[in-house]
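Every number for a ligand or one of its atoms is a count from 1 in the order of the listing. This is a predicted model, so every value here is computed, not measured. Atom set for the values below is all heavy atoms of this structure, side chains included, hydrogens, waters and symmetry mates excluded.
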Amino acid sequence: MNQDVLRKLGEILDKDQLMTEEPMQKHTTFRVGGNADIFVIPKASEIADVIKVCKRFGEQVTIVGNGSNLLVGDKGIRGVVVNVGKNMRNVEIEGDTLKIEAGTTLAAAAMVAAKAGLSGMEFASGIPGTFGGAVVMNAGAYGGEIKDILVSVNVLDKEGQVRQLSAQELELSYRHSNILEQKYLVLSGVLQLNKKEPDTILAYMEELRAKRLEKQPLEYPSAGSTFKRPKGYFAGKLIMDAGLRGFSVGDAAVSAKHCGFVINKGNATATDICELIDKIIQIVQEKYQVTLEPEVKKVGEF
Ligand SMILES: Cc1cc2nc3c(=O)[nH]c(=O)nc-3n(C[C@H](O)[C@H](O)[C@H](O)COP(=O)(O)OP(=O)(O)OC[C@H]3O[C@@H](n4cnc5c(N)ncnc54)[C@H](O)[C@@H]3O)c2cc1C
């Protein structure tokens, strides 16, 4: 661990915003992953300086939102993990738009919008990620995706400059944006919503919540759908038809409730999950000549 980086970060951040040897299993919905050398939770006013320090010392930076689409390796993450999370959660309503900081959870933003009589975020209300992570992934569900409502974002680019980009500039497509390729850090964004009765919005959110509870294995740690939807197929159905319901490696298993989810039954390691994912890909390929592509992002050392 680089003590100079630690000392410099300590000049920017309070003690409770700066951790060392932080277990990443505390910060991922899969509940797996080794330690991050350094883990920071900056405020919007501090994040550019944090990145500047890391850059100056050549320290590797990993951005993490709510960790709901991440598989962190058992050997952890070297360098600095920057959590765009609980210290960047400001939301403001301006007319029919929502101005939202990247660490805001989609659930919280959807609730603010609903209570203000603004519709458009209902689809996202049950996705357990932050706004930043949702833009990166162009998260979507029940016929909606971030692309439909995003106007613009403010990002920190790889030179450390704040830039405003339109949604079009992010090349959003199915579970993809160019943010990771461009090494942008999402700071905030603007969503275009439309007026509707709060009760109607809340009722639809409740309907979607009930659907998730019924269909998804929310009682187990997971990262949601493990694979992207292959063109013309459903990953879960292919996995089920291949006879892999309940198939497991250690405590990593294909959910019996929804075969598209790999779940952690208790003490799974990242290595177990990787091995299971590889076996699923191999078996589905052999049986159906369809190549499954993981939606879950691997980070750190395995
Ligand atoms: C039970 C469950 C259900 C789910 N259902 C859905 C669903 O219906 N639809 C769907 O699309 N997804 C779903 N997901 C997956 C996940 O919630 C989404 O992909 C979500 O958008 C990820 O957000 P996050 O904040 O957790 O991002 P993380 O998992 O922390 O990060 C995801 C990626 O984004 C990067 N990143 C995060 N924040 C930033 C930032 N501010 N700037 C730059 N890069 C950043 C990370 O480096 C990483 O590459 C589900 C997950 C679970 C566990």
Side-chain angles (χ1 to χ4, degrees), residues 24 27-33 36 39 41-42 44 47 51 60-72 77 80-89 100-110 122-148 150 153-158 165 170 172-189 208-209 211-213 215-229 236 255 257-258 260-264 294-300:
M24 286 304 296
H27 302 282
T28 59
T29 55
F30 248 139
R31 298 277 173 255
V32 303
F39 187 92
I41 318 173
I47 198 160
I51 300 293
Q60 186 184 313
V61 172
T62 304
I63 315 292
V64 168
N66 200 38
S68 64
N69 203 43
L70 292 182
L71 178 56
V72 176
I77 307 180
V80 180
V81 172
V82 177
N83 180 213
V84 179
K86 66 179 181 190
N87 290 332
M88 289 178 62
R89 287 197 172 152
I100 175 175
E101 277 187 351
T104 313
T105 62
L106 294 172
E122 295 90 325
F123 77 88
S125 57
I127 301 176
T130 62
F131 170 67
V135 177
V136 170
M137 296 303 300
N138 185 26
Y142 304 112
E145 56 181 3
I146 289 293
K147 187 174 184 241
D148 301 337
L150 188 67
V153 286
N154 280 342
V155 300
L156 209 55
D157 69 13
K158 51 179 181 264
L165 302 172
L170 300 176
L172 299 167
S173 59
Y174 174 66
R175 301 298 170 268
H176 179 265
S177 69
N178 64 11
I179 293 171
L180 299 179
E181 288 120 72
Q182 298 292 341
K183 298 195 181 343
Y184 293 143
L185 189 160
V186 182
L187 296 169
S188 62
L208 296 183
R209 196 182 72 86
K211 267 193 193 165
R212 267 185 200 270
L213 267 177
K215 296 260 156 57
Q216 301 184 353
L218 301 182
E219 61 279 27
Y220 287 105
S222 79
S225 298
T226 313
F227 301 98
K228 291 188 182 183
R229 194 174 55 233
S255 161
K257 192 170 177 185
H258 186 321
F261 279 52
V262 165
I263 55 170
N264 176 359
E295 178 174 320
V296 172
K297 305 261 179 226
K298 279 190 191 176
V299 291

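Listed by number with element, the atoms of ligand 1 under 4.0 angstrom from any heavy atom of Leu185 are 42 (N), 43 (C). Within ligand 1, counting atoms from 1 as listed, the ones closer than 4.0 Å to a heavy atom of Ala139 are 11 (O), 21 (O). If you number the atoms of ligand 1 from 1 as listed, the ones under 4.0 Å from a heavy atom of Ala141 come out as 8 (O). Proximity to Leu180 (heavy-atom distance under 4.0 Å) selects the following atoms of ligand 1: 49 (O). The atoms of ligand 1 that sit less than 4.0 Å from any heavy atom of Val84 are 41 (N). Atoms of ligand 1 lying under 4.0 Å from at least one heavy atom of Met137, given by number and element, are 19 (O).
In this structure a side-chain-to-backbone donor-acceptor pair under 3.5 Å is present from Asn87 to Ile41. The backbone N or O of Val136 lies less than 3.5 Å from a partner atom in the side chain of Ser177, making a donor-acceptor pair. Asn138 contributes a side-chain N or O that, together with a main-chain N or O of Lys147, makes up a donor-acceptor pair within less than 3.5 Å. Under a 3.5 Å cut-off, the side chain of Thr226 and the backbone N or O of Val262 do form a donor-acceptor pair. In terms of modelled atom types and a separation under 3.5 Å, the side chain of Tyr174 and the main chain of Arg229 share a donor-acceptor contact. When atom types are taken as modelled, the side chain of Arg175 and the backbone of Met137 share no donor-acceptor pair closer than 3.5 angstrom. Of the possible polar contacts, none joining the Asn83 side chain to the Phe39 backbone as a donor-acceptor pair under 3.5 Å is found. With Ser225 contributing its side chain and Phe227 its backbone, the two residues share no donor-acceptor pair below 3.5 Å. Between the side chain of Ser68 and the main chain of Pro128, a donor-acceptor pair closer than 3.5 Å is present.
To the nearest 0.5 Å, atoms NZ (Lys257) and OH (Tyr220) are separated by 10.0 Å. Note that CG of Asn66 is 12.5 Å distant from CD1 of Ile127, once rounded to the nearest 0.5 Å. Taken to the nearest 0.5 Å, the CZ atom of Arg31 stands 10.5 Å off from the OG atom of Ser222.
In terms of protein heavy atoms, atom 36 (N) of ligand 1 is closest to Val136 CG2, 3.8 Å. Among protein heavy atoms, atom 27 (O) of ligand 1 sits closest to Gly133 CA, 3.6 Å. Of all protein heavy atoms, the one closest to atom 4 (C) of ligand 1 is Pro128 CD, 3.6 Å. Atom 46 (C) of ligand 1 has its closest protein heavy atom at Ile63 O, 3.2 Å. Protein heavy atom closest to atom 28 (P) of ligand 1, with residue, atom name and distance, is Gly67 N, 3.7 Å. The nearest heavy-atom contact from the protein to atom 22 (C) of ligand 1 is Ser68 OG, 3.4 Å. Scanning the protein for heavy atoms near atom 9 (N) of ligand 1, the closest one is Gly140 O, 2.6 Å. The protein heavy-atom contact nearest to atom 1 (C) of ligand 1 is Leu218 CD2, 3.6 Å.
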| message | Set out, in order, the CA-CA distance, both residues' side-chain angles and the distance that settles side-chain contact (heavy atoms from CB on, under 4.5 Å) for Phe30 and Val72, then state yes or no. | response | CA-CA 9 Å; Phe30 248 139; Val72 176; over 6 Å; no
| request: Show your reasoning for whether side-chain contact (heavy atoms from CB on, under 4.5 Å) applies to Met24 and Val64. | output: CA-CA 10 Å; Met24 286 304 296; Val64 168; 4.2 Å; yes
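Residue contacts with ligand 1: Asn66 is placed with a nitrogen or oxygen under 3.5 Å of a nitrogen or oxygen of the ligand (distance criterion only). At a 3.5 angstrom cut-off on N or O pairs, Val186 counts as close to ligand 1. For a threshold of 3.5 Å applied to N or O pairs, the pair formed by Ile179 and ligand 1 contains no separation below that value. Residue Asn69 has at least one nitrogen or oxygen atom sitting less than 3.5 Å from a nitrogen or oxygen atom of ligand 1, judged on distance alone. At least one N or O atom of Arg175, backbone or side chain, sits closer than 3.5 Å to an N or O atom of ligand 1. Considering backbone and side-chain atoms together, Thr29 places no N or O closer than 3.5 Å to any N or O of ligand 1. For ligand 1, the polar-atom distance check against Thr130 finds a nitrogen or oxygen pair separated by under 3.5 Å.
Within 6.0 Å of the NZ atom in Lys86, the count of heavy atoms belonging to other residues, nucleotides or ligands does not exceed 12.
The heavy atom nearest to atom 30 (O) of ligand 1, out of those in Gly65, Pro221, Gly224, is found in Gly65.
By the 4.0 Å heavy-atom criterion, Arg212 is counted among the residues contacting ligand 1. Residue contact annotation: Tyr184 has a non-hydrogen atom under 4.0 Å from ligand 1.
Contact annotation for Val135 and ligand 1: no heavy atom of the residue comes within less than 4.0 Å of the ligand. Of all the heavy atoms of Ala223, the ones lying under 4.0 Å from any atom of ligand 1 belong exclusively to the backbone.
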